[in-house]
Number of protein chains: 2
Amino acid sequence: MAAPNSGRYARRTATLRDVAALAGVSVATASKALNGRDQVHPETRERVIEAAIKISFRPNPMAQSLIGGRTGTVGLLTNDLVGRFSLPILMGAEDAFGAGRLSVFLSDARGDAIREQHHVQAFLDRRVDGFIVVGSDTDPRPSLGHDLPVPVVYAYGPSEDPTDSSIVPDNVSAGELAAEHMLATGRRRIALVSGDRTFLAARDRTEGVVAALAAAGTELVAPVMYGSWSEGWGRTATRALLERVPEVDGIICASDQIARGSLDALRELGVPVPERVGVLGFDNWEAVVADSRPPLTSIDMNFEALGRLAAQRLVAAMSGERFSGVEKRPVRLVARASTARV
Amino acid sequence: MAAPNSGRYARRTATLRDVAALAGVSVATASKALNGRDQVHPETRERVIEAAIKISFRPNPMAQSLIGGRTGTVGLLTNDLVGRFSLPILMGAEDAFGAGRLSVFLSDARGDAIREQHHVQAFLDRRVDGFIVVGSDTDPRPSLGHDLPVPVVYAYGPSEDPTDSSIVPDNVSAGELAAEHMLATGRRRIALVSGDRTFLAARDRTEGVVAALAAAGTELVAPVMYGSWSEGWGRTATRALLERVPEVDGIICASDQIARGSLDALRELGVPVPERVGVLGFDNWEAVVADSRPPLTSIDMNFEALGRLAAQRLVAAMSGERFSGVEKRPVRLVARASTARV
DNA sequence: CTGAAAGCGCTTACAG
DNA sequence: CTGAAAGCGCTTACAG
């Protein structure tokens, strides 16, 4: 077995010393010239820059951070193996960090607290300047505590500790949006097929739906139906609902998958959507929403923006600003045929 | 605005010098003691280790890599924004690297070549010891070339250059598996509803299906139907198929989404699955497969294993081993009710 | 405006 | 077995 970095890959990367030699100046001057310090003769600077370009010099960030104290790296700690929710958050964050010339370390704790602790330590060992913890649901989670040497932002799954900084989608207002849209498209006998009630997201969305209906002087046409986040539940619940409350004219489903099940059941019962019943989902999951019949109106949780904001908050915290509390971010309704006004 | 790392986060991390001082030895001896060098008196070593634990010393990797030449970091460059395929690959790789104490930098090029070039440079600037490029489909892509100072492994989307190292799922054998399973469950009049024919994956799967049928002395009951990777296409194609070839008893669909569409169409036509027609998909996408009626038999592309292998290949390459060529990895069939023998 | 020196936190020959 | 010295690649006071 060949030695590390041998063979095909052998080639010493240029160092500042090489640049200085080529430009005929000291290493100190080369450094100043490249870093835009102003005590450098313009001609000298030009010569140094030319030399640097010529030999493709790129400063070694290890050396730089040894001096500066900062590494220019951040960590992204996810917990959602499937990535349904966390991926767009990661992408938004990665995007925002990249623009700020920060490099991103990725770790997946897979919802395991021990593994999470281990990855946090790995981040700290790497001397990240800060990190984001992405939860797998919106239920509050234990804080990592305050004896960390760098700032942390919790995204999607907020910290239980209100003095931490957390960014989550506003599920109550998501519920309100859903109900208001049903009302605005002319429906009055509205039902709610929710998901697993042990999830805060389910309860928050219910709260929003109920509040918006109350504000309009009305209420749900049937008690909230809790179940699971699946198509199967959407089908079952919808059949039961139409049996008990045949006059229902709007079904708010707490996830796109539940809504898919609901649409299937309605089609099989011969109930026209959106003509007799409007259907709406949450998450605006492209793969589920796009090909449904009819195309499904859905609440988009703006995950990518959430990730971008978490990144911005972290960057601000890294330069000394302090944030705390759970920041709830707006969501948006994407109207499609399943709730068209008739 | 406060100064960097000030305020709440102020706390100097312990350095080796602190450990040495506490243990009453030189920095050199402390280093040797902690790194298991054998020219250290056992008692001294113990004292140093105790001191290190006491003040929570963690070596600064910047300093270490400045000396060693290696950074202990690798890059993961993805191109698939939605993450449908690349996420499990990332996770597999992250998993394998983590076990080897390598930290992973993540970047998303979003399928843009310019952005990709930029991220490659960013990885090199960070002095990664190697990186993996994850494609968004299995079509060969331009090589990043050979004048890179570190090894690269291409995962999912192989490099056009056969002297690069690429790891892809074996789509031909995936097609074979599908056809063999249809035959094994007693079906003989088999059709293939494929996806977008501009994708190599679509053509490879066709090749496998056709070959396996030929090997069994039979052939497709109708010409391959190419279209798009959508449920809508699955519905349309299935309706057309049953019109033209009512005796069809097995439909191989080139993706789970196409298969979902096919199942929907069959249900609406009153054709019982799996009794009269068996249906099979590709990708084994949990969200699509789990709740379908009946549950869908599917070919799992083993993405996570693919990512893990790519990581292993990269690690080996980083220690001097040389790989080249496109390595095709086995896939596996997950049998469910949609192809049950009747 | 330029450069020699010190130092960031480590490791590794090399003396003792 | 232990430690002083040199050095990895940079930056930043400090003299000149």
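Throughout, a chain's letter reflects where its sequence line sits, starting with A, and its residues are numbered from 1.
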| request: Would you indicate which nucleotide in C:dC1, D:dT11, C:dC10 comes nearest to any side-chain atom of A:Pro42? | output: C:dC1
Touch class at under 4.0 angstrom, heavy-atom based, for [X] against every strand present:
X       : value
B:Arg58 : sugar-phosphate
B:Val25 : sugar-phosphate
A:Ser65 : nothing

So, OP1 or OP2 of [N]: does either fall under 4.0 Å of a side-chain N or O from [X]?
X       : N      : answer
B:Thr29 : D:dT2  : no
B:Asn35 : C:dT11 : yes
B:Thr15 : C:dC10 : yes
A:Thr44 : C:dT2  : yes
A:Arg37 : D:dT12 : yes

| Residue whose closest nucleotide on DNA chain D lies nearer the 5' end, A:Lys32 versus B:Leu66 | B:Leu66
| Earlier contact from the 5' end, DNA chain D, for A:Arg17 and A:Gln64 | A:Arg17
| message | With rounding to the closest Å, how many angstrom separate the P atoms on D:dA4 and C:dG7? | response | 16 Å
Send over the distance from [X] [atom1] to [N] [atom2], rounded to a whole Å.
X       : N      : atom1 : atom2 : result
A:Ile67 : D:dG7  : CD1   : C1'   : 14 Å
B:Asp38 : C:dA13 : CG    : P     : 13 Å
A:Gln39 : D:dT11 : CD    : P     : 13 Å
B:Arg70 : D:dG9  : CZ    : P     : 16 Å
B:Asn60 : D:dG9  : CG    : C1'   : 14 Å
B:Leu16 : D:dG7  : CG    : C1'   : 16 Å
B:Met62 : D:dC10 : CE    : C1'   : 14 Å

Do [X] and [Y] pair up side chain to side chain, a donor and an acceptor below 3.5 Å, judged on atom types alone?
X        : Y        : answer
B:Asp161 : B:His146 : yes
A:Thr71  : A:Arg127 : no
B:Asp164 : B:Ser159 : yes
A:Gln121 : A:Asp125 : yes

| field | Base-pairing assignment for C:dA15 (Watson-Crick or G-U wobble, both under 3.5 Å) | value | D:dT2
| task | For the residue pair B:Phe131 and B:Phe123, categorise the inter-ring angle as parallel (less than 30°), tilted (30 to 60°) or perpendicular (more than 60°). | result | tilted
